[in-house]
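As C-alpha cells, the structure follows; a few thoughts come after it.
Convention: sequence-line order gives letters A, B, ...; per-chain numbering from 1.
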Amino acid sequence: MIDYKEIEAKWQKAWEDARVFEGEVSEKPSYMVTAAWPYVNTPLHIGHLRTFGTADVLARYKRMRGFNALYPMGFHATGTPVLAFAKRIKNGDKEIVEELKTFHVPEQEIAKMTDPVYIASYFIKETGNVFMRAGFSIDWRRQFVSTDPFFSKFVEWQFGILNSKGYLTKGKHPVGWCPNENNAVGMHDTQHDVEPEIEQEVAVKFKVDGEDAYMLCATYRPETISGVTNLFVNEKEKYVACNIGGDGKRYYMSKASAGVLKFQADVAVLEEVDAQKMLEKTCANPVTGAKLPVLPGFFVKGDLGTGVVMSVPAHAPFDYAALERLRKEGRLTQEIKPIKVLDVEIGRSLSDVKAGEAKPSQMDVPAFAYLEILHANPDAIDDMLEFATKLEYREESHWGKMIAKGYEGMSEPEAREKVKGELLAKGDAIELYVLQNAPVLCRCGYAVVVKIVDDQWFINYGNEKWKEETKSYMKEMRLLPDKTRNAFDAAVDWIDLRAVARAQGLGTRFPLDNTKIIESLSDSTIYMSFYTVSHLLKGVATEKLKPEFFEFVFRGAGDAEKVAASTGIDYALVKRCKEAFEYWYRDTSRHSAPDLIYNHLTMYVYNHIAVFDKRYWPKQIVTNGFVLSEGEKMSKSLGNIVPAIDGIEKYGADPLRINEIAGSDLPSDSEFSDKAVRGIQERLEYLQNTIADLDKLESGEMKRIDYWLYSKLNDKVDYATKAMDALELRSAYIPIFYDSVLELRRYIARGGNNGIAVRDFVSAIVLMLQPVAPHVSEELWHMLGNENFASLEKWPVANEEMSNAKVEAEEALADSVVDDAKQVIALMQKKMGKKAKRLHVIVASDWKRALVNAMAKEKNVGRALDAVKGAQGVNQELAAKIAGTLAKRMNEVRETGSTQLEEFDGVEEAAPYIAKQLDCDVAVEMEEKSKSQRAGRSMPMKPSLDVELE
RNA sequence: GCAGGGGUGGCGGAGCUUGGUCAAACGCGGCAGACUCAAGAUCUGUUGGCCAUAGGCCUGCGUGAGUUCAAAUCUCUCCCCCUGCACCA
C-alpha cells in the first residue's frame, strides 16, 4: 500500500523548503505556463483540476527537458458574481447554501459571506490549498488578485494604450434590463441563472385604411410578407396608439409591448384603444397593397413582440388554425384564402416519413399539410401547433424555394435578408429587439426587458487593422489540439464590439468614464504578463506605478533612470522588472477549457497584439476537454459533483491526476470513475513492489530477454517523448504507465531476472511519471536510492542503440507461437479429449527466406523462383506453390530479417516460456531435420506447429 | 438559425492527417480458471457477431451514394448528438 497522504505532505514540504518551483531569471531558456485564473465564488471540484493539472504537467515536463519553467497563479474576483453571491447569502437563498454545504463549507463561514471581500478571501485560501494539495508546481510568491490596486494600475495603463490606438468606441447597445432595479442584468442576476437571450426582429408597418396610422407587427419571417392575408390581435388585450421617435405618426400595438418598447425607442403613448376597436380596422399590405382585415387570434400574446401579429396561414400553423377556428365558430365574415410564397418538400426531415412519400391532401397550404403529416388538426393543443411550426420553419428555411414574385428560386434565408433590407430602406419596417426566452425574471421578481443603452463603451474588436493583424498572427501560433484552429479562426473573425464598462461590480474603474467599472473579462486579457513582475512590485506604493513605468518595463519605451526619477521607484528595481518580463515572456503556453475560445482566449490574443512587441505575443494555446463523473456530466441537479479536496483525500493526488489529466487526450472529455482510479493505484503499487523486490533479482549477464526489455524501454521513451511534445498525454502515458507494467510482467514470466535491467527500466518509468504523478515519482525515485528531486531530474532520452527490432520480432514470434498453439491444443482437447504432450516448433529453411525476400524485391513469381533455383535443399515444386500463394498478396510481402539459425535460436531460448504458457513440452526443430509431416508448412517467422498428443 | 466539434464492440475511447500491413491499442465491464473456509482484493486466460474446426472464413466503423484494384480513412447526400452565440464568468 502507498500512503498517499503521507508522501504528498512529505514531498510538498520538501519542495517548498527547497524552493524548487520559485522561478528566477537565469541563463537557461525560460518557459512560462499559465492557466485561466479561477473565479473566487466556487469551491473547486475535480473537473477544475484538469486544466490546472494539464498546465502543471507541461511545466513539470519542460523543467525536465532543461527549461527554466515557471507556473504562476492568481485569482479572479472582478465583476458581479461575487456581489450577486453576497446578495444571495444575505437573502438566505437556500439553493446556494445547500451547494456550499456539499463542499463542506462550515456554517459559520457561510454566515460571514454576506461580505464580498470575505467571500473572495475565503475561496482564495481554499482554492490555493487545493492547488497545493494537488501538487501543482506553482511559484506562489507571484500570486495576486484581479482586484489588487497595483494590478488596477496595470489595467488602466493597458486601456490607455487601447484608447490611444482608437480601439475604444462609444455607441448604442441592447442589454437585458430590470425596470425595477434600473440595472443591466446578466445571467447571474436572474432567477435560476437564465441568460436573457436578446434577438433582433423586424416590425413591419401596415398602413391603417382611413387613418394616418400603422399597425406594428413584429415578425421573424419578413419574407412571407406577400403571403399575409390579415392581422391578428388578442381580444382580451389592451392596445394603445403611440408615437415612436417623434415621427408624428400613430402606431398601434399592445399596451404591454409599448411599455417594453420604450426602453428601446422614444415611445409616447397617445391613447388607449379597445381591442374591439382594433378589430374594426382594416389595413394594407405594404408590399402587395392587399386589403387586410384585423381578426382575433387565440394565440396572440400581448407581452410578446408588439401584440399585433401578421397572419400567413399558408406557412404558419398557428395562423391557419386561428382562421379555421374562427370559421367554425362562424365569426369569419369573408373568405380568406392562404397565399403560398414558397415551395418545400414536406416531411423531409422526419425519420418515419420517407422523402417524397408524405402525401398531405392540400399541398397548396403547407401549414395544414404539416399538421396532417403529424396527424394533427387545427384544433390541436398549442404544443402540437408549436411543434408543427418549428418543423415547417426548419424545413422551409433549409430546403424551401421562394415562389413569391420578385424572389423566385431564392432560398428562404436569402429572401429574408433581401425583403428585410427593402422594408427597412423604404421605411416600411423598423428593427426591434426582443427577449427570445421571455419571460426572464430578475432576482427581484420583475420581468427583464431589452433596453438600448446609448452611452455604452466598447472595445472594438471589429477594427479592421486589428482584426487582420490578429488573423494573420493566428497562423503562426501553436494551438493544441490543432483542430481548435477552426474555432479560433471563426472566433477571431466573429468577435466585434464588446461592451467594456459596467455600472456595477468589483474591478478597475474605466479610465474614460470614472463612474463605470471595466467588465471583468476585459480586465483579464494580458494579466499573465504581470506575473513576471508581480512579486517584485509587492512592496511598491501603488501611486508610484505610473504609466511610464509600465511603458518601460513592458514596451521598452523610455529609459530606466528617467522612469525611476519620475515614479520614485528604485532604479535597480525598474531594471529588474524589465529584465524579468523580457526573460519570462518569450516562450509561453496558455491553458483553459475550450469554452473560453469564443471570449477570453480570443481577446487574449487580440490584446497582446495591441499592447506588446511581436516577440511577446502568445506562442501556444492549449485547451482541454471537461471531466465526466461516472459517465455523466457533473452538475448540481445530478448531485454528482465531487469536490476536488474530497477526491484528493479519498484517492490521493497522483492517482486522481493520472486519471483526469493523462486519462484522455486533450480534446476529449476525461472520465472520472472510482474503478478507474483504483486500477491506477494498483499499478502504482505494482511499480513500488517491483522496486522493493529489486534486490531479490540477480545481476548476471545480459540475456536475450534483457535486450528485449531495453528495446521496449527505448521505444517507449521515444514514443512518449513525441507524445509529450504534442501534449498528447493519454498517448504518452499508455506506454509509460500501462504498457510498462504489462511488459514487466511478461519479462518476469519470460524468465527475466536481471536486477540492473529492471532497475534501469523502472527508473526511466519513475522519471517519466514525474510530470503527472510527482509525489509517487519522488517517493519511488528516492526508494531507488537517488538523492535529488525527481522534479528536477532530466527526462529520459531515447537511445537508438537500445532499440533492437530483431529481438522484439523474435519475442513477438514466441508470443504468436503461444497464441496459435493454444488454439490448436484447445481444439485437440475438445475433439479427442487428449492433452498435448509435446509441441514441435519447426523453423523454415533458409531457401524459403530467400524466396520471400526475392518476392518482396522483384514482385514477380518467375524471377523469384529463378532466384532460389539451385539453392540448398530447395524443393522447386513447393517453392512454386508458396510463390503462388504469396503472389495473391503481393503488396503485403515483406523481407524477413532473420536467418533460420537466428530464428531457431530465438525460439529455442523462449522454449521454456512457451512450454510454461502451454503446459506441455516444446521441441524446436529445423525444417530439414524435422520428421513431422507438417514441416513443409513452415514459413519464415511463421514456424509450423505440430502437436504431439499424449 | 448561425458557428465549431462529433457518430467506431456492453461502455469509455484509439485508428481518419499520409487509403492496403488494421478494425478495435489501452482502460472499464462480462465470462472462465487459480488463490481463499468464503467474500473481496489479486493473478492467469478469454471477450464484436456468425459459421467452421490444425493455426481459418464470412460479416461488421450513423444513412445512402460516389472515387479506387482496394474505403472506418477521400468526395458528396441525408439523419442524429454535443458545445457556444456576447457584455456573462
Residue pair [X] / [Y], side-chain heavy-atom distance below 4.5 Å:
{"X": "A:Leu945", "Y": "A:Ile842", "answer": "no"}
{"X": "A:Glu808", "Y": "A:Asp715", "answer": "yes"}
{"X": "A:Phe458", "Y": "A:Arg498", "answer": "no"}

* Can you sort out which residues in residues 517-525 of chain A have a heavy atom within less than 4.0 Å of RNA chain B? Ascending by number, please. =>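 Per residue number, the list reads A:Glu519, A:Ser520, A:Leu521.
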* Structure fact -> In numerical order, the residues of residues 677-684 of chain A whose heavy atoms come under 4.0 Å of RNA chain B are A:Glu682, A:Arg683
Could you state the [atom1]-[atom2] distance from [X] to [N], rounded to the nearest angstrom?
{"X": "A:Asp482", "N": "B:G5", "atom1": "CG", "atom2": "P", "answer": "11 Å"}
{"X": "A:Tyr686", "N": "B:G27", "atom1": "OH", "atom2": "P", "answer": "14 Å"}
{"X": "A:Tyr719", "N": "B:A25", "atom1": "OH", "atom2": "P", "answer": "14 Å"}
{"X": "A:Phe737", "N": "B:C26", "atom1": "CZ", "atom2": "P", "answer": "15 Å"}
{"X": "A:Lys516", "N": "B:C87", "atom1": "NZ", "atom2": "P", "answer": "16 Å"}
{"X": "A:Leu479", "N": "B:G4", "atom1": "CG", "atom2": "C1'", "answer": "14 Å"}

For residues 726-738 of chain A, dump all side-chain donor-acceptor pairs below 3.5 Å to protein atoms at least two apart in sequence or in another chain.
residue  : atom : partner  : partner atom : Å
A:Arg730 : NH1  : A:Gly663 : O            : 2.9
A:Ser731 : OG   : A:Asp665 : OD2          : 3.0
A:Tyr733 : OH   : A:Met768 : O            : 2.6

* To do: Please lay out, stage by stage, how A:Asn607 and A:Tyr167 fare under the test side-chain hydrogen bond (donor to acceptor under 3.5 Å, both in side chains).
  => CA-CA 10 Å; A:Asn607 280 275; A:Tyr167 294 162; over 6 Å; no
* Electrostatic pair A:Asp815-A:Arg746, nearest N-O below 4.0 angstrom ->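 Answer for the salt bridge query: yes.
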* Determine, for A:Asp489 against A:Arg485, whether the closest basic-nitrogen to carboxylate-oxygen distance falls under 4.0 angstrom. => no
* Tell me, for nucleotides 46-52 of chain B in 5' to 3' order, what letter each nucleotide earns: B for a base near a protein heavy atom under 4.0 Å, S for only sugar-phosphate near one, - for neither? -> -------
* Asked: So which nucleotide does B:C85 pair with, by the Watson-Crick or G-U wobble rule with both distances under 3.5 Å?
  ->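 Checking every strand shown, B:C85 finds its partner in B:G1, with both distances under 3.5 Å.
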* Asked: Who does B:A71 pair with, Watson-Crick or G-U, both distances under 3.5 Å?
  -> none
Taking only nitrogen or oxygen atoms into account, show me every contact under 3.5 Å that the protein makes with nucleotides 9-13 of chain B, one pair per line with its distance.
residue : atom : partner  : partner atom : Å
B:G12   : O2'  : A:Glu671 : OE1          : 3.2
B:G12   : N2   : A:Arg730 : NH2          : 2.7

* Asked: On RNA chain B, nearest-nucleotide positions of A:Ala501 versus A:Ala491: which is more 5'?
  ->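 Result: A:Ala491.
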* **Which residues share a side-chain hydrogen bond (donor to acceptor under 3.5 Å, both in side chains) with A:Lys837, sequence neighbours left out** => none
* Asked: Relative to each other, are the rings of A:Trp37 and A:Tyr527 parallel, tilted or perpendicular (30° and 60° limits)?
  ->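 Plane angle under 30°, so parallel.
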* **B:G5 phosphate, OP1 or OP2, under 4.0 Å from A:Asn486 side-chain N/O** =>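 Yes, because at least one side-chain N or O of A:Asn486 sits under 4.0 Å from OP1 or OP2 of B:G5.
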